[in-house]
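Have a look at the structure below before the remarks.
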Amino acid sequence: MKRTRADRAGRYITAPPAAVYRALLDRESLETWLPPDGMRGRIERWDPRPGGGFRMVLTYLDPTGGPGKSSDSTDVVDVGFAELVPPGRVVQRAVFEAGDPAYAGTMTMTWEIVAAGAGTEVTVTATDVPPGIDQSAHEAGIASSLANLAAYVEGRS
């Protein structure tokens, strides 16, 4: 029986929904804010349209203990844009490049962007998460990326 799991994180951002949405679909923006604490990112392929996507190489700043999925120091992920609904929703399908079957499969990341007061509530839900990804570490990573997104977008608003 397939285990159903949803990893979630959310954050209020003091910026309009359109600004948050733009940051999800801008290559340089993603490279800046998407990598969680302790990582840096580089986008190798970029096609921001439904059916398009990107390939990101995430490098651990301290690879002690070999935490990477693709190598001791990296996670490589191919992300497809399954749905783009401006300015409120982005659905991504992510596949990690990994030899370990515990990281195999396609994970769906749904970004919900909702106007709230003077800003935006952003909720990220990950489903079909590969079993090798620890839930608490994954949710902390999503929360870290959301904090980076808030700092990035709020600094430009």
Side-chain angles (χ1 to χ4, degrees), residues 1-15 17 20-21 23-26 29-45 48 50 52-85 87-114 116 119-154:
M1 181 172 143
K2 186 176 178 181
R3 188 175 141 206
T4 302
R5 170 178 144 195
D7 297 356
R8 287 187 180 85
R11 183 171 182 109
Y12 180 81
I13 297 177
T14 309
V20 174
Y21 185 85
L24 284 166
L25 292 175
D26 179 79
S29 298
L30 275 178
E31 284 181 328
T32 301
W33 67 259
L34 186 60
D37 286 344
M39 301 186 90
R40 73 173 178 271
R42 183 181 79 252
I43 292 178
E44 293 185 334
R45 177 178 54 79
F54 62 95
R55 177 181 178 89
M56 181 171 252
V57 177
L58 294 161
T59 303
Y60 288 86
L61 300 178
D62 178 8
T64 305
K69 296 170 195 65
S70 305
S71 76
D72 285 347
S73 63
T74 62
D75 289 348
V76 178
V77 62
D78 283 301
V79 178
F81 290 117
E83 216 180 301
L84 298 175
V85 184
R89 182 176 164 95
V90 173
V91 179
Q92 304 168 330
R93 304 260 193 267
V95 178
F96 287 99
E97 185 179 281
D100 185 338
Y103 299 111
T106 302
M107 175 175 61
T108 300
M109 302 281 293
T110 302
W111 299 74
E112 298 286 350
I113 304 160
V114 178
T120 305
E121 187 65 41
V122 181
T123 305
V124 181
T125 304
T127 55
D128 299 319
V129 181
I133 298 175
D134 177 78
Q135 185 168 13
S136 61
H138 191 220
E139 289 179 336
I142 296 169
S144 175
S145 292
L146 285 171
N148 294 341
L149 172 61
Y152 181 84
V153 176
E154 290 170 357

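In this text, all values refer to a predicted model and were calculated from it rather than measured experimentally.
Y12 and T120 share no donor-acceptor pair across their side chains, judged by distance under 3.5 Å alone. For the residue pair D75 and Y60, a side-chain donor N or O sits within less than 3.5 Å of a side-chain acceptor on the partner.
The existence of a salt bridge linking R42 and E31 is excluded, since no basic side-chain nitrogen approaches an acidic carboxylate oxygen closer than 4.0 Å.
Nearest approach of R11 to L146, heavy atoms of both residues: CD-O, 3.5 Å. Heavy atoms only, all atoms of each residue included: P36 and G141 are closest at CB-O, 3.7 Å. Of all the heavy atoms in I13 and A150, the pair that sits closest is CG1-CB, 3.8 Å. Nearest heavy-atom pair, A143 versus A9, reported as atom, atom and distance to 0.1 Å: N-CB, 3.9 Å. Nearest heavy atom pair, residue A23 against residue S29, reads O-CB, 3.6 Å. Across every non-hydrogen atom of G119 and P17, the tightest pair is O-CD, 4.4 Å.
For the atom pair E112 CD and T123 OG1, the distance stands at 7.0 Å (nearest 0.5 Å). Annotation: the span from W111 atom CH2 to L84 atom CG amounts to 13.0 Å, rounded to 0.5 Å. To the nearest 0.5 angstrom, I113 atom CD1 is 10.5 Å from R89 atom CZ. Here the CG-CG distance, from L149 to L24, works out to 6.0 Å after rounding to the nearest 0.5 Å.
Under the rule for a ring pair (Phe, Tyr, Trp, His ring centres under 6.0 Å), the partners of F54 that lie at least two apart in sequence or sit in another chain are W46, F81. With sequence neighbours left out, the side-chain hydrogen bond (donor to acceptor under 3.5 Å, both in side chains) criterion links D7 to R5, Q135, H138. With sequence neighbours excluded, the residues that form a side chain to side chain contact (heavy atoms under 4.5 Å, CB included) with V95 are T106.
A donor-acceptor pair is defined here as one N or O able to donate and one able to accept, closer than 3.5 Å; such a pair exists between the side chain of S145 and the backbone of L34. In terms of modelled atom types and a separation under 3.5 Å, the side chain of N148 and the main chain of W33 share a donor-acceptor contact. Without hydrogens or angle criteria, E139 side chain to R8 main chain gives a donor-acceptor distance under 3.5 Å. The main-chain N or O of Y103 is never found under 3.5 Å from a side-chain atom of D100 such that the two would form a donor-acceptor pair. With hydrogens and angles ignored, the 3.5 Å screen pairs no side-chain donor or acceptor of T125 with any backbone N or O of T110. A donor-acceptor pair under 3.5 Å is absent between the side-chain atoms of E97 and the main chain of V77, judged by distance alone.
Around the CZ atom of R45, the shell of radius 6.0 Å holds more than 12 heavy atoms that belong to other residues, nucleotides or ligands.
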Q: Evaluate the side chain to side chain donor-acceptor pair (under 3.5 Å) criterion for residues R93 and T108: first the C-alpha distance (whole Å), next the side-chain angles of each, then the deciding distance (0.1 Å), finally the verdict.
A: CA-CA 5 Å; R93 304 260 193 267; T108 300; 3.1 Å; yes

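A 4.5 Å side-chain heavy-atom check between V85 and E83 finds at least one atom pair inside the cut-off. Side-chain contact between E44 and V57: present, with at least one pair of heavy atoms (C-beta onward) separated by less than 4.5 Å. In this structure, M107 and P130 have side chains that are in contact, with non-hydrogen atoms separated by less than 4.5 Å. Inter-residue side-chain proximity for V90 and Y21 is flagged as met; some heavy-atom pair is nearer than 4.5 Å.
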